[in-house]
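Accompanying notes for the structure given below.
Values below: every heavy atom of this structure, side chains too, minus hydrogens, waters and symmetry copies. Residue numbering restarts at 1 for every chain, and letters A, B, ... go by the order of the sequence lines.
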2 protein chains.
Amino acid sequence: MDKTGFDHLPLEWVRAFEAAARLGSFTAAAQETSLTQSAISQRIGHLEARLGTQLFVRQARRITLTADGEAWLPHVQAALVGLRDSTEALFGVSRNRLTISASGSINELWLVPRLEQLAEVSGAQITLSTMVVASGDTKDDAAVRIRYGSGDWPVAYAVPLYEERLSPVVAPALLGRGAWQTLPRLSVSGPRPSWRRWCAQTDTSTTPVSHLRFDSFCAGLAAARAGQGVLLASLPLVQAELDAGRLVRVADEVLRHHETYWLLGAKERLSRRQWRQLSGCLVDGTA
Amino acid sequence: MDKTGFDHLPLEWVRAFEAAARLGSFTAAAQETSLTQSAISQRIGHLEARLGTQLFVRQARRITLTADGEAWLPHVQAALVGLRDSTEALFGVSRNRLTISASGSINELWLVPRLEQLAEVSGAQITLSTMVVASGDTKDDAAVRIRYGSGDWPVAYAVPLYEERLSPVVAPALLGRGAWQTLPRLSVSGPRPSWRRWCAQTDTSTTPVSHLRFDSFCAGLAAARAGQGVLLASLPLVQAELDAGRLVRVADEVLRHHETYWLLGAKERLSRRQWRQLSGCLVDGTA
DNA sequence: GCGTAGGCATAAATTCAAATTATCCTTTTT
DNA sequence: AAAAAGGATAATTTGAATTTATGCCTACGC
């Protein structure tokens, strides 16, 4: 037998076998792999056909390894572990540092609350990198970025984080102080629609009221929390504040906006699976 | 770090790396893998992007492993070897027995002459299984079969072996014995066009001449070789005889036929790569 | 005993990653 | 110089693998 070449047994099938064997369930293996139960079932079906043996006994509501499967598993695991460990050691890739670059507000209001779940799901060590607003799009080394825009991103992986919906909110303490329209208006510089748009769309009287301007959503939010006025807030971002009762909405109307934050992934640095895990965890309505 | 899961580094890329590293050339790796140079180049490009390092130094007309590549290679090989060996030991799959089922004539006239190359290319231990004509299509365990027909096969892998072209041939010794049309006609029972068709198509006089009938092409061929008459032979099958001068053609006309032998592969038992190697070796005009 | 839920298999349809094709570029050889 | 060898790259095509949508079976609850 010549020593050249390793025969072509699709290794993704082997991976599916390992996961199913270890977890004792196709469904569980599917979850771990970010695939569907159907995919696992088929992979293993193919594997068995190619190998010419049953690897699993399909019992009701559970599967068991056959003798063949039992015999094969340790070797498969050894190979997979060896590969994973050496790769990790040399390149620090496998389940290692994942840097997410985003604005301070997104970091604080969107990522931090989801950090725990994210770390758990991805198994990675997460680093949040605050984007420097002034520096534009300096090439950072983050594999994942969050940017505001309308979606024409030149990257392969891109998904809107949430649907931008704006509505006025105030600290509960201010509720008794007469009509909210008369309160000082807090606004945040940036790309989001302004009070001007709000008034135009909802026929709110444009009575001149005092304004306070902030350069970050977080700052404006802090002011609102402190009872300094009414903030035209991004509802998804302040959901936690609303839930906690630190802020309350004062109008039913909602101002929508076509621009929003996008989750952007560097395709060459992320596997399909990693991307799915990330977006599943971070995108509104997916998790 | 949880012990669950092996991160998703596409293992086919790793295989490409191993082959290229071992062979010292992308082109050579492509050949071994039955892929194109382009495919190998891309796989390794992706791998490097994902890993975040160069694995090879691209020099003119050759490649060299970088330090990273050098360090990684042994681990990769260990994993791949472990997997291959255990799989082979348990299931005897990898580069093992390959049974080809065909008629006696095809075995003798088509497969045997190509056996050596086939064994070398596929790295498999080949078994030729003579199909029993009488038994119809009994399910044999051969992963590869050769059958006569017009191509409507219910298998995924199917390719015509050659284009059927018939023409009269005789042993050289008979050439002096007057017009070949007056020689006894040898014919083979079976699906191929008969002398009748030949005469109709070429306006050969249908002068009644003596006939000898055989139940296999091989038998008829032997008779022709022995100078017992003129055989309406399948040219691709007797090419070797013609080349060796044991038979000669007596007419320029060629009778074509839409039916021919097909190479059929059981998709679930053959990898794409194996199939390509086989068909590349066995199909006329490919090798 | 039935009904329901959990888990795998299967068919059909879709998706998208990966392969091929076709050039281009660079370097070595004659 | 011209040709050959080997690799990179862009564009296109292909087809394998995934998903979606069911179906089926069995254990378990009531």
Query raised in the report: Considering heavy-atom distances to DNA chain D, does His46(A) or Ala60(A) have its closest nucleotide positioned more toward the 5' end?
Result: His46(A)
Query raised in the report: Ala28(B) or Pro10(A): which one's nearest nucleotide on DNA chain D is closer to the 5' end?
Result: Ala28(B)
Query - Check: Phe91(B) ring centroid to Trp72(A) ring centroid under 6.0 Å - result: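 Yes - the distance between ring centres of Phe91(B) and Trp72(A) falls below the 6.0 Å cut-off.
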Go through [options] for me and flag the one nearest to the [X] side chain.
X	options	result
Arg43(B)	dT20(C), dA18(C), dT18(D)	dA18(C)
Ala39(B)	dC8(C), dA19(C), dG7(D)	dA19(C)
Ser41(A)	dA18(C), dA9(C), dT9(D)	dA9(C)
Arg272(A)	dA17(D), dA17(C), dA8(D)	dA17(C)
Gln37(A)	dT26(D), dC8(C), dG7(D)	dC8(C)
Arg276(A)	dT18(D), dG6(C), dA19(C)	dT18(D)
Gln42(B)	dA19(C), dA8(D), dA17(D)	dA19(C)
Arg61(A)	dA5(C), dA8(D), dA18(C)	dA5(C)

Side-chain N or O of [X] less than 4.0 angstrom from OP1 or OP2 on [N]?
X	N	answer
Ser38(A)	dA9(C)	no
Arg62(B)	dG7(D)	no
Thr36(B)	dA19(C)	no

Query - Mutual orientation of the aromatic rings belonging to His257(A) and Tyr148(A) [parallel < 30°, tilted 30-60°, perpendicular > 60°] - result: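 Taking Tyr148(A) first and then His257(A), their aromatic rings lie parallel (interplane angle under 30°).
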Query raised in the report: Going by the angle between their ring planes, with limits at 30° and 60°, are Tyr162(A) and Trp110(A) parallel, tilted or perpendicular?
Result: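 Judged by the thresholds at 30° and 60°, the geometry between Tyr162(A) and Trp110(A) is tilted.
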Given atom [atom1] of [X] and atom [atom2] of [N], what is their separation to the nearest angstrom?
X	N	atom1	atom2	result
Arg58(A)	dA27(D)	CZ	P	17 Å
Ile44(A)	dT10(C)	CD1	P	13 Å
Arg273(A)	dA17(D)	CZ	C1'	17 Å
Arg15(B)	dA18(C)	CZ	P	14 Å
Gln31(A)	dG6(C)	CD	C1'	13 Å
Gln59(A)	dG7(C)	CD	P	14 Å
Leu35(A)	dT20(D)	CG	C1'	14 Å

Query raised in the report: Contact class for Ile40(A) (heavy atom, under 4.0 Å): base, sugar-phosphate, or nothing?
Result: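 No contact at all - Ile40(A) keeps every heavy atom at 4.0 Å or more from the nucleic acid.
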Report task. Using only heavy-atom distances, determine whether the side chains of Gln31(A) and Thr27(A) contain a donor-acceptor pair under 3.5 Å. Result ->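 No, no side-chain donor-acceptor contact under 3.5 Å.
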Query raised in the report: Do Ser38(A) and Gln42(A) have side-chain N/O donor and acceptor atoms under 3.5 Å apart?
Result: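 Checked: Ser38(A)/Gln42(A) side chains pair up, N/O donor to acceptor below 3.5 Å.
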